[in-house]
Amino acid sequence: MKPLSLCIALCLLLTACAHDRPPTGGPRDNEPLEILSVNPPSSSVNIFPERIHFSFNRHVTASSLRNALVFSPAITDYTLNGNGTEAEIVFRKPLETNKTYTITLNTSLRSSRGNVLLQSYTYAFSTGPEINRGIIAGQVFSNDTRPLPRALVLAYAVPKDDSLSFNPFERKPDYSVQTGYDGRFTLDYLAEGNYRLIALQDSNGDKKLNPGSEFSGTGYRELVGTGTSDNLFRLAEPAGHPKLIYCTSPAGNVLEISFDRPFPVENFKASSVAVLDTVRNTVLPVKGFYSVKATSSARTFRIVTGSLEKKSGYRITYSPGDGGQTSSTACRGNDKQEKETIAITQLLPKNGTAKAFLVPTHPERGRTVDVSFNIPVEQESLERAILLYSLNGEDPTPLAFTVQPIDDRRYTLQANPAFRNGNTYRLDIQLENLIGLNGERAPDSLVTSAFTVADSEDFGTITGTVSGGTGTVIVEVLDSMNRLPRRTVVQRSNDSPAGFSIDELAPGKYTLRAFIPRSEMQPGTKPSWNAGNIYPFEPADLFTVNNDTVTVRKGWETENINLVFPAMAP
């Protein structure tokens, strides 16, 4: 090799070695990300460090580390060095004297290969002889009471005289931390005293409150004192209406629209959508809708409308009503015309089911038969196509029924009188009577489902007690699909546990939760959990969750389920 070529090769080799890149190839690495050491050591006192050195067990990029860092009190004038297993924070200004500083690495931190930090890590030191030792711990749940990982918990210090204005939209939190994979959190190294806490699902990662578009919650304590570890948060639905953000046209009479967040399908109304052909300046009819994924909540819907043109543009406007802000988006048309044949994609219970539990997809509708189609159909045509019979006498007896839509592809059917335990029924659907929203038809055939409703001995029961809290307690049971089949009311007036029993539960796994409404129950009404308010601050209704799922078996009574409310004293 010539001297010049050798020199170039050596330069290229040295340059490659100088770049700190993550290793490539090999099997998938599923080990969690860990902080191996920090220098100076955590909890050090009487120090004024110019830099803090972190060592990790995996390669971490500076950008990921920067996004996961939270300083308390806030520090903005610093430099972050490192793209590997070592990183340094260099302070560019002197630190204040006699003050505890914390640096939190939140669970948003990832290695370059995606290794996850399972729990937030808080490092602390003091520039004085003492370091703060206050701790507040708890757990954050989603609105449907599932433990919520990576939720953000914000803590705002409250002076003894409560003179400091609490407006979280104008004031930065004194401390913050993210929940771990099980929804639990610990705020470490706090100044002793009282705090107001807010939890939120930081969907956009900006570490700010956005109650109009993100789930958030206040907890059930007005003030949270250091030393408490039973702080539970259940996040409330965003206060604002969903915002329309995107649309496309998959077919010549269908527009697919997406919102900035999911929301219950039952809250979406086709009448809230307007479609304007911006080329011809004409309004197209909105004939119906359906959710793309056929779930109870959805972000994306398909709108069935009039014929679209490929060369036209369309502006879709969503007006939620109730004073909600309208939103709109635009997309090109599609002239691809598709006429499908109507077909049933799901009919529950299935034909021949001997023990149909008829767990309601919508609890307020009671026991129902559920039917789904491949394309939207007219409700009136479905009602004409259905015949329902009771098969409990010598001859089939026709029964009245009610058909209700979930969307225009999914419907529920209630019997009148209601489906009874141990009784046998037959549902006939004459497909030739069905009409799609764009005139589609089905072949001349009959679909039948004959089934027997499960008898009393096929169900199970959950019994237990409620401890802590006083007043009216609402105990709720959710099945594995997070539907709410049952609830019961318990009165607590003293320190003795109050018993509850919920029967006629289909075999399976359940989650139990309970809450105590602050407002007085009105006769004939079903109380709902009050999520409180962020500003002006209002605590949520006291609630509790049984963290373990409860298994229900046929003919069995699952006993000794104890729901415990936290003490209300801060």
Side-chain angles (χ1 to χ4, degrees), residues 67 106-108 140-154 168-169 176 178-179 181 183 198-219 233-248 250 255-275 286 289-303 315-331 361-362 406-410 478 481-484 528-535 540:
N67 292 333
N106 278 323
T107 52
S108 58
V140 178
F141 296 86
S142 61
N143 184 255
D144 55 12
T145 53
R146 300 176 189 267
L148 188 63
R150 298 186 64 189
L152 187 62
V153 180
L154 311 177
F169 300 107
S176 68
Q178 270 187 326
T179 59
Y181 68 95
I198 294 172
L200 65 140
Q201 192 169 8
D202 189 24
S203 303
N204 59 7
D206 65 356
K207 303 176 185 177
K208 296 179 181 178
L209 280 169
N210 300 287
S213 58
E214 294 178 336
F215 288 80
S216 57
T218 62
F233 292 81
R234 177 183 171 187
L235 302 193
E237 294 272 358
H241 289 283
K243 182 181 178 182
L244 189 59
I245 58 172
Y246 177 76
C247 107
T248 187
L255 291 166
E256 184 172 295
I257 59 175
S258 296
F259 292 84
D260 61 346
R261 61 178 173 85
F263 61 99
V265 174
E266 62 188 17
N267 292 349
F268 183 83
K269 302 290 184 287
S271 58
S272 300
V273 177
V275 179
V286 176
F289 78 96
Y290 59 94
S291 59
V292 171
K293 292 188 177 180
T295 52
S296 58
S297 290
R299 181 193 299 267
T300 302
F301 299 83
R302 286 192 172 182
I303 305 300
R315 176 153 296 278
I316 298 88
T317 302
Y318 176 66
S319 303
D322 300 328
Q325 186 175 2
T326 61
S327 54
S328 65
T329 185
C331 57
T361 52
H362 289 66
I406 300 172
D407 57 31
D408 290 303
R409 283 198 310 181
R410 298 180 291 160
L478 295 89
M481 296 182 65
N482 232 40
R483 297 176 295 199
L484 182 61
S528 57
W529 175 74
N530 183 348
N533 193 56
I534 290 179
Y535 185 75

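When a residue number appears, it is its place in the shown sequence, counting from 1.
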ask   = Rounded to the nearest 0.5 Å, what separation is found between the CZ atom of Arg302 and the CD atom of Glu256?
value = 4.5 Å
task = Start with the C-alpha gap between Tyr318 and Thr329, add the side-chain angles, then the distance that decides, and say whether side chain to side chain contact (heavy atoms under 4.5 Å, CB included) holds.
result = CA-CA 9 Å; Tyr318 176 66; Thr329 185; over 6 Å; no
message = Counting only heavy atoms not in Glu266 (residues, nucleotides, ligands), do more than 12 fall under 6.0 Å from its CD?
response = yes
request  = Please assess Ile534 against Phe169 for the test side chain to side chain contact (heavy atoms under 4.5 Å, CB included), listing each intermediate value before the final yes or no.
outcome  = CA-CA 9 Å; Ile534 290 179; Phe169 300 107; 4.2 Å; yes
Shortest non-hydrogen contact from Phe141 toward Pro147 = CD2-N, 3.7 Å
ask   = Is it true that a side-chain atom of Asp202 and a backbone atom of Leu200 form a donor plus acceptor pair closer than 3.5 Å?
value = no
request  = Please name the pair of heavy atoms, one in Glu214 and one in Ser203, separated by the smallest distance, quoted to 0.1 Å.
outcome  = OE2-N, 3.1 Å
inquiry  = The criterion is side chain to side chain contact (heavy atoms under 4.5 Å, CB included); which residues satisfy it with Lys293, sequence neighbours excluded?
reply    = Thr295
inquiry  = Looking at Phe289, is its backbone amide N or carbonyl O close enough to the side chain of Asp408 to form a donor-acceptor pair, meaning the two atoms are under 3.5 Å apart?
reply    = yes
request  = Verify, without hydrogens or angle tests, whether Gln201 (side chain) and Phe215 (backbone) share a donor-acceptor contact under 3.5 angstrom.
outcome  = no
task = Hey, could you give me the CZ/CZ distance between Phe259 and Phe268, rounded to the nearest 0.5 Å?
result = 5.0 Å
query = How long is the gap from CZ on Arg234 to OG1 on Thr218, to the nearest 0.5 Å?
reply = 12.0 Å
query = Would you say the side-chain atoms of Arg299 pair up with the backbone N or O of Asp260, donor to acceptor, closer than 3.5 Å?
reply = yes
Distance, nearest 0.5 Å, that separates CD1 of Ile257 from OG1 of Thr248 = 12.0 Å
message = Between Ser108 and Asn106, is there a side-chain donor-acceptor contact under 3.5 Å, judged purely by atom types and distance?
response = no
query = Passes side chain to side chain contact (heavy atoms under 4.5 Å, CB included), Leu255 versus Val273? Steps please.
reply = CA-CA 11 Å; Leu255 291 166; Val273 177; over 6 Å; no
message = Could you measure the distance from the CD atom of Glu237 to the OG atom of Ser297? Nearest 0.5 Å is fine.
response = 7.0 Å
Straight-line distance of Ser291 OG to Asp407 CG, nearest 0.5 Å = 4.5 Å
message = With a sphere of 6.0 Å drawn around CZ of Phe263, does it hold more than 12 non-hydrogen atoms of other residues, nucleotides or ligands?
response = yes
request  = Keeping the roles fixed (side chain from Lys243, backbone from Gln325), state whether a donor-acceptor pair exists under 3.5 Å.
outcome  = no
ask   = What are the two closest heavy atoms between Leu235 and Leu148, and how far apart are they?
value = CD1-CD2, 3.4 Å
ask   = Are the side chain of Ser327 and the backbone of Leu244 linked by a donor-acceptor contact shorter than 3.5 Å?
value = yes
key: Check: Arg261 and Pro238 side chains under 4.5 Å, non-hydrogen atoms   = yes
Minimum heavy-atom distance between Cys247 and Ala330, given as atom pair plus value = SG-C, 3.8 Å
message = Please check: side-chain N/O of Thr179 versus main-chain N/O of Arg150, any donor-acceptor pairing under 3.5 Å?
response = yes
remark   = Taking every heavy atom of Ile316 against every heavy atom of Cys331, the minimum-distance pair comes out as CD1-SG, 4.1 Å
